[in-house]
There are 2 protein chains.
Amino acid sequence: MSRASPPRRSPLPPQDCNLARAFALIGDRWTLLILRSALYGVRRFDDFAAELGAPRTVLADRLKRLTAAGLLARRDYREPGRRARPEYWLTPKSAALRLPFVALTQWSDAWLGELRPPPVAVCSRANGEALRVALVDAAGREVEASQQRLTLSARGATGAEALG
Amino acid sequence: MSRASPPRRSPLPPQDCNLARAFALIGDRWTLLILRSALYGVRRFDDFAAELGAPRTVLADRLKRLTAAGLLARRDYREPGRRARPEYWLTPKSAALRLPFVALTQWSDAWLGELRPPPVAVCSRANGEALRVALVDAAGREVEASQQRLTLSARGATGAEALG
DNA sequence: ATGCTGAATCTGGACAACAGACTCAGCCGG
DNA sequence: CCGGCTGAGTCTGTTGTCCAGATTCAGCAT
């Protein structure tokens with residue numbers, strides 16, 4: 001119990017970590033880019049291919065995986081006078097990735113954007129002001145970083161000052 | 001101006017997208033896992049290796065890249081009676097990744113966690129309640145999804161109902 | 001000297017990415 | 001009925017990256 005040196009391991013090993021599981025599922029360059037485009041409304045094989053420049057083999061593979069994982073739903077469409085072809089739609093599961101993606105977008109605008117104004121922003125419909133990602137309590141009020149604390153639920157540990 | 005078929009491309013092509021740039025920088029399985037561990041306080045080569053099981057070649061390469069990109073800072077430490085060795089510390093740039101990572105953690109707890117309670121949570125220091133990631137206005141009040149809108153700054157376009 | 005330890009690099013084989021051409025299904029016009 | 005068109009893939013050979021295990025290397029210790 002002596003607070004000797006700081007912990008040299010994560011409080012939560014990667015095997016038990018849902019975040020690490022998420023990385024295994026979507027933490028791949030093309031998969032991330034596909035999801036980005038899908039969240040922006042792209043749905044067709046050739047549109048993904050044209051927009052991303054991904055090799056068609058890789059694209060086919062990733063769409064298959066994402067569909068199997070429940071992150072994309074295959075659904076036929078039909079242009080008039082054409083045969084039916086598949087589209088890949090967002091599912092509730094992948095639609096819920098919007099918030100993490102917006103958070104990372106704001107990070108990249110701030111740290112990779114070379115001080116240019118962000119090309120896209122999420123704004124309030126009411127008054128048009130730009131919104132930002134933050135941690136809020138149950139009532140929807142922002143809680144500042146200094147008032148946050150990391151808590152482990154199982155295995156008794158508590159209050160590591162980690163993830164920050 | 002006819003609202004014919006929905007747009008078949010992203011409003012922001014990947015080449016101009018900071019998010020896509022972020023994927024190129026950190027959108028790799030090991031890089032993401034390294035950053036996860038780093039945010040949890042891991043700092044040494046062998047600790048990363050032991051925790052992640054990553055091949056040492058890959059680990060050396062990723063630490064080099066992350067250092068070059070300003071996401072990790074190399075700094076020597078010295079255990080008593082040992083020679084100096086490098087540690088890899090978070091920088092302000094990578095510390096700012098905390099929020100996107102928390103957002104993705106909450107997504108993965110919700111959608112990959114098989115209904116078990118989340119193993120870690122960010123809580124309020126004041127009353128211990130769990131916090132969640134949300135979009136807030138300048139005053140720190142949550143703005144609900146229905147009141148959000150996506151805005152493109154350049155090239156005149158506006159209000160695509162995208163990223164959701 | 002010799003060993004130890006943490007931080008890497010080296011090596012050969014397995015695996016995945018890539019570009020480009022090809023296949024395939026179905027709807028069309030003649 | 002035939003050949004062409006289109007979108008969505010698959011096939012192919014090459015090139016690159018990953019990986020595990022062994023090896024190197026620096027400096028402190030006995």
Side-chain angles (χ1 to χ4, degrees), chain A residues 4-9 14 20 23-35 37-38 41-69 72-89, chain B residues 4-9 14-15 20 23-34 37-38 41-69 72-89:
Chain A
S5 42
R8 304 254 309 271
R9 287 291 197 291
F23 292 159
L25 190 61
I26 66 170
D28 160 90
R29 196 166 119 62
W30 292 120
T31 304
L32 287 166
L33 288 169
I34 288 167
L35 287 170
S37 290
V42 177
R43 293 199 271 269
R44 299 182 190 176
F45 190 94
D46 274 13
D47 293 339
F48 284 113
E51 177 157 306
L52 304 178
R56 307 175 73 78
T57 41
V58 174
L59 186 54
D61 173 78
R62 296 300 186 278
L63 291 174
K64 208 167 286 176
R65 276 174 208 269
L66 286 169
T67 304
L72 291 177
R74 229 178 119 126
R75 185 181 308 181
D76 279 352
Y77 75 96
R78 180 187 292 265
E79 300 254 329
R82 294 279 151 75
R83 74 177 167 126
R85 293 178 179 286
E87 279 183 330
Y88 299 89
W89 287 70
Chain B
S5 41
R8 303 254 309 271
R9 286 292 196 291
Q15 301 80 20
F23 292 160
L25 190 60
I26 66 170
D28 159 271
R29 198 167 118 62
W30 292 119
T31 303
L32 288 166
L33 288 170
I34 288 168
S37 291
V42 178
R43 293 198 269 270
R44 300 183 188 175
F45 191 94
D46 273 15
D47 292 340
F48 284 114
E51 176 157 307
L52 304 178
R56 308 177 73 76
T57 43
V58 174
L59 186 53
D61 173 78
R62 297 300 187 276
L63 291 174
K64 206 167 289 178
R65 276 174 207 269
L66 285 169
T67 304
L72 290 177
R74 231 178 118 123
R75 184 181 308 185
D76 279 351
Y77 75 97
R78 179 187 291 266
E79 301 251 329
R82 294 280 150 75
R83 74 173 166 130
R85 291 180 179 285
E87 279 183 331
Y88 300 88
W89 287 70

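Numbered from 1 within each chain, the chains take letters A, B, ... in sequence-line order. Every heavy atom of this structure was used, including side-chain atoms; hydrogens, water molecules and symmetry mates were not. Because the structure is predicted, anything quoted here is derived from the model rather than measured.
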Task: Distance in angstrom units between A:Asp46 CG and D:dT10 C1', rounded - done: 14 Å
- [ ] Answer yes or no: is there an ion pair linking A:Arg9 with B:Asp47, defined by an N-O contact shorter than 4.0 Å?
- [x] yes
Open item on the list: Below the 4.0 Å mark, does D:dG9 have OP1 or OP2 next to a side-chain nitrogen or oxygen of A:Arg74?
Closed with: yes
Task: Closest-nucleotide 5' rank along DNA chain C - winner of B:Phe45 and A:Arg29 - done: B:Phe45
Task: Between P of D:dT10 and CG of A:Leu63, the distance in whole Å - done: 10 Å
Task: A:Asp46 and A:Arg85 ion-paired at < 4.0 Å - done: no
Task: Test item: B:Thr67 side-chain N/O and B:Leu63 main-chain N/O as donor-acceptor pair under 3.5 Å - done: yes
Open item on the list: Nearest whole Å is fine: how far is C:dC24 C1' from A:Arg56 CZ?
Closed with: 13 Å
- [ ] Take the protein atom CG of B:Asp76 and the nucleotide atom C1' of D:dG27, then report the distance between them rounded to whole Å.
- [x] 13 Å
TODO: Report the C-alpha distance between B:Arg78 and B:Glu87 in whole Å, list the side-chain angles of each, state the deciding distance to 0.1 Å, and finish with yes or no for salt bridge (Lys or Arg N to Asp or Glu O under 4.0 Å).
DONE: CA-CA 10 Å; B:Arg78 179 187 291 266; B:Glu87 279 183 331; over 6 Å; no
TODO: Could you walk me through whether B:Arg8 and A:Val42 pass side chain to side chain contact (heavy atoms under 4.5 Å, CB included), step by step?
DONE: CA-CA 6 Å; B:Arg8 303 254 309 271; A:Val42 177; over 6 Å; no
- [ ] State whether B:Arg82 places a side-chain N or O below 4.0 Å from either non-bridging phosphate oxygen (OP1 or OP2) of D:dA26.
- [x] no
Open item on the list: Side chain of A:Trp30, heavy atoms from C-beta onward: which of C:dA17, D:dT12, C:dA7 has the nearest atom to it?
Closed with: C:dA17
Task: A:Phe48 CZ - D:dG9 P separation (whole Å) - done: 11 Å
- [ ] Could you check B:Ala60 against A:Arg65 and say which one's nearest nucleotide on DNA chain C is further toward the 5' end?
- [x] B:Ala60
- [ ] Would you mind telling me which residue lines up with the more 5' stretch of DNA chain D, A:Lys64 or A:Arg83, judged by nearest nucleotide?
- [x] A:Arg83
- [ ] Using a cut-off of strictly less than 4.0 Å, decide whether B:Tyr88 has a side-chain nitrogen or oxygen near OP1 or OP2 of C:dA8.
- [x] yes
Open item on the list: Using whole Å, what does the distance between atom C1' of nucleotide D:dG7 and atom CD of A:Glu51 come to?
Closed with: 17 Å
Open item on the list: On the nucleotide C:dA17, are OP1 or OP2 found under 4.0 Å from the side-chain N or O atoms that A:Arg62 carries?
Closed with: yes
TODO: Please state how far atom CG in A:Leu59 lies from atom C1' in C:dA16, giving the value in whole angstrom units.
DONE: 16 Å
- [ ] With heavy atoms under 4.0 Å as the rule, sort B:Tyr77 into base, sugar-phosphate or nothing.
- [x] sugar-phosphate
